[in-house]
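Quantities reported herein were computed from a predicted structural model and do not represent experimental measurements. Within every chain, numbering begins at 1; the chains are lettered A, B, ... in the order of the sequence lines, protein sequences first and strands thereafter.
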Number of protein chains: 2
Amino acid sequence: MPDIKHFDPDTALETVVRLFWRQGATSTGIQDVVTATGLNRSSLYATFGGKQDLYRAALRRYVERHSQPAFRRLAADERGLPALTDFFAALIEARCTGEYARWGCMVANAHTGAESSDPEIRSLLDQHHQQLRDAMHTALVTAEAHGQVGPDTDLGAAADLLALLAYGVNLRSRAGADARTLSRSVTAALSSIGGRAAP
Amino acid sequence: MPDIKHFDPDTALETVVRLFWRQGATSTGIQDVVTATGLNRSSLYATFGGKQDLYRAALRRYVERHSQPAFRRLAADERGLPALTDFFAALIEARCTGEYARWGCMVANAHTGAESSDPEIRSLLDQHHQQLRDAMHTALVTAEAHGQVGPDTDLGAAADLLALLAYGVNLRSRAGADARTLSRSVTAALSSIGGRAAP
DNA sequence: CTCATCTCGGAACGACCGTTCCAAGATAGC
DNA sequence: GCTATCTTGGAACGGTCGTTCCGAGATGAG
């Protein structure tokens with residue numbers, strides 16, 4: 001067998017994810033990738049293909065490693081409304097503090113870029129949205145089974161609403177929106193779904 | 001007096017707005033602007049300055065000509081909840097059909113771009129958000145005065161929530177979100193603010 | 001050790017980026 | 001008509017873009 005790769009493609013891709021996540025596709029040059037990952041153009045192109053392929057792989061990885069785990073956690077949570085409360089609390093904390101503060105959501109960010117004209121990217125955005133909505137819906141069904149949902153509530157519409165709210169949080173967090181204000185909005189949405197006032 | 005401009009800067013800027021609105025700042029080259037406006041680089045730079053100045057001017061114009069009129073209409077509407085219903089209906093129609101379909105909101109789009117690192121742009125984003133939120137709040141106060149708002153409703157939190165919802169609509173509309181689905185989400189939000197079921 | 005085969009380093013490519021510059025053209029006052 | 005002053009057309013700038021290519025280096029099989 002010939003020579004073997006001198007780097008870990010998985011580690012490199014994670015670095016690329018952070019680059020595209022923070023700066024977007026158009027603002028990130030191949031030179032940035034080369035500098036950040038430490039590997040050179042040859043290895044980059046041989047391993048991942050061109051820039052568009054690289055962005056696609058990065059977005060896929062983001063969804064798998066960041067979005068879907070959160071969705072699964074939400075859908076599997078048996079508590080109902082508290083699961084939704086925790087989901088949004090974790091979202092807001094991740095968006096406003098720590099390493100990824102003010103980076104927003106890479107998928108939400110992708111909505112506005114030129115990258116979204118790529119059919120494969122567009123498909124990823126739609127899948128992501130569907131999965132988010134479905135997780136919301138599952139949590140709401142659980143909540144209803146626990147008698148935590150007010151009467152005459154359309155769970156489907158409520159799931160769509162909460163999904164859109166998440167996009168709003170993601171977007172505004174990039175402009176440095178206050179975590180407290182975001183939390184207050186989320187609380188208002190969730191308490192309007194539940195009976196009436198907070199316990 | 002010397003020579004006078006052979007074009008209308010206002011018309012040209014409107015063309016530039018549509019360019020930046022649809023494609024974003026980084027994906028739009030000066031050559032695109034030259035081609036779309038029909039005027040040449042010299043006139044462009046002499047009139048508007050560099051690309052960043054041009055984008056700033058375009059975003060300012062967008063807010064003045066598109067956002068603020070809608071905000072003022074909403075805040076001045078004396079009907080309360082129906083004003084909010086109409087606001088969102090008009091928003092969704094503008095985002096999903098007609099000339100600007102799938103363009104989203106230029107201000108929302110600006111949240112994800114590299115352009116938002118510019119302090120002046122950042123300030124514009126915050127102003128825009130504040131104005132949107134305030135218009136929502138004014139409409140909600142009017143609604144409460146008309147007895148259209150359920151008890152124990154935090155109007156401030158509700159205004160924040162509706163503003164975030166608008167950003168969600170703007171973002172998802174760029175990916176081709178279904179107008180019907182968006183409307184359903186908005187209806188759910190508004191009817192949860194009002195008494196309970198729809199009339 | 002030798003060789004075939006893949007990886008790595010880095011130069012180089014043409015295209016496009018935003019911006020500048022200057023000569024030619026147009027205009028209003030004299 | 002002449003001139004001063006601004007606009008206009010378009011070439012040209014250095015820099016960066018994504019991508020390609022090739023020689024050198026590394027590795028495992030025989």
Side-chain angles (χ1 to χ4, degrees), chain A residues 1-13 15-59 110 112-121, chain B residues 1-60 110 112-121:
Chain A
M1 223 200 284
D3 197 0
I4 226 163
K5 280 190 205 310
H6 299 183
F7 65 97
D8 178 20
D10 212 54
T11 306
L13 189 54
T15 304
V16 174
V17 165
R18 298 184 186 201
L19 225 49
F20 281 139
W21 181 2
R22 181 157 40 106
Q23 314 181 20
T26 48
S27 302
T28 305
I30 293 292
Q31 184 56 51
D32 297 329
V33 176
V34 168
T35 304
T37 58
L39 43 90
N40 57 19
R41 292 170 147 75
S42 302
S43 309
L44 205 60
Y45 276 83
T47 308
F48 301 106
K51 188 187 181 184
Q52 192 65 21
D53 303 286
L54 187 56
Y55 181 79
R56 280 195 279 255
L59 190 59
T112 66
E115 55 265 29
S116 70
S117 58
D118 182 334
E120 196 173 326
I121 298 294
Chain B
M1 223 202 283
D3 197 358
I4 224 163
K5 282 192 204 310
H6 298 182
F7 66 97
D8 178 20
D10 212 54
T11 306
L13 189 54
E14 178 57 31
T15 303
V16 174
V17 165
R18 298 184 186 201
L19 226 50
F20 282 139
W21 182 2
R22 181 157 41 104
Q23 314 181 21
T26 47
S27 303
T28 304
I30 293 292
Q31 183 56 49
D32 295 330
V33 177
V34 167
T35 304
T37 58
L39 41 90
N40 57 23
R41 293 170 146 74
S42 302
S43 308
L44 205 61
Y45 277 82
T47 308
F48 301 106
K51 188 186 181 184
Q52 191 66 19
D53 303 286
L54 187 56
Y55 181 79
R56 279 195 280 254
L59 190 59
R60 266 194 301 267
T112 66
E115 55 265 30
S116 70
S117 58
D118 182 335
E120 196 173 326
I121 298 295

In chain order, what residues pass the salt bridge (Lys or Arg N to Asp or Glu O under 4.0 Å) check against B:D10, with sequence neighbours excluded?
B:R61, B:R65
Once you round it to whole Å, what is the distance between P of D:dT7 and CG of B:N40?
12 Å
B:F7 CZ to C:dA26 P: how many Å, rounded?
17 Å
Atom-pair distance (NE2 on B:H6; P on C:dA26), nearest Å
8 Å
Would a 4.5 Å heavy-atom cut-off, applied to side chains only, mark A:L13 and A:L54 as touching?
yes
Mind calculating the distance between CG (B:L39) and P (D:dG10) to the nearest angstrom?
13 Å
When we call it a touch if two heavy atoms are under 4.0 Å apart, what does A:T28 touch: a base, just sugar-phosphate, or nothing?
sugar-phosphate
To the nearest angstrom, the CG-P distance between A:D32 and D:dC17 comes to 6 Å
Within residues 15-25 of chain A, find the residues that approach DNA chain C with a heavy atom at under 4.0 Å, and present them sorted by residue number.
none
In whole angstroms, the gap separating P of C:dA15 from CD1 of A:I30 amounts to 19 Å
From CD (A:E115) to CD (A:Q52), nearest 0.5 Å
8.0 Å
To the nearest 0.5 Å, tell me how far B:Q23 CD sits from A:T26 OG1.
11.5 Å
Starting from P on C:dT27, measure out to CG on B:D3 and report it in whole angstrom.
6 Å
Spacing of CG belonging to B:N40 relative to OG1 belonging to B:T35, to within rounding of 0.5 Å:
11.5 Å
Is there a side-chain contact between B:F7 and B:T37 (heavy atoms, below 4.5 Å)?
no
Close side-chain approach of A:L59 to A:R56, heavy-atom, < 4.5 Å:
no
Report the distance from atom CG of A:D53 to atom OG1 of A:T47, rounding to the nearest 0.5 Å.
12.0 Å
Taken to the nearest whole Å, CD/A:Q31 to P/C:dA12 is 16 Å
Contact list please: residues 41-52 of chain B against DNA chain C, heavy atoms, distance less than 4.0 Å, in numerical order.
B:R41, B:S42, B:Y45, B:G50, B:K51
Side chain to side chain contact (heavy atoms under 4.5 Å, CB included) evaluation trace for A:I121 with A:Y55
CA-CA 9 Å; A:I121 298 294; A:Y55 181 79; 3.8 Å; yes
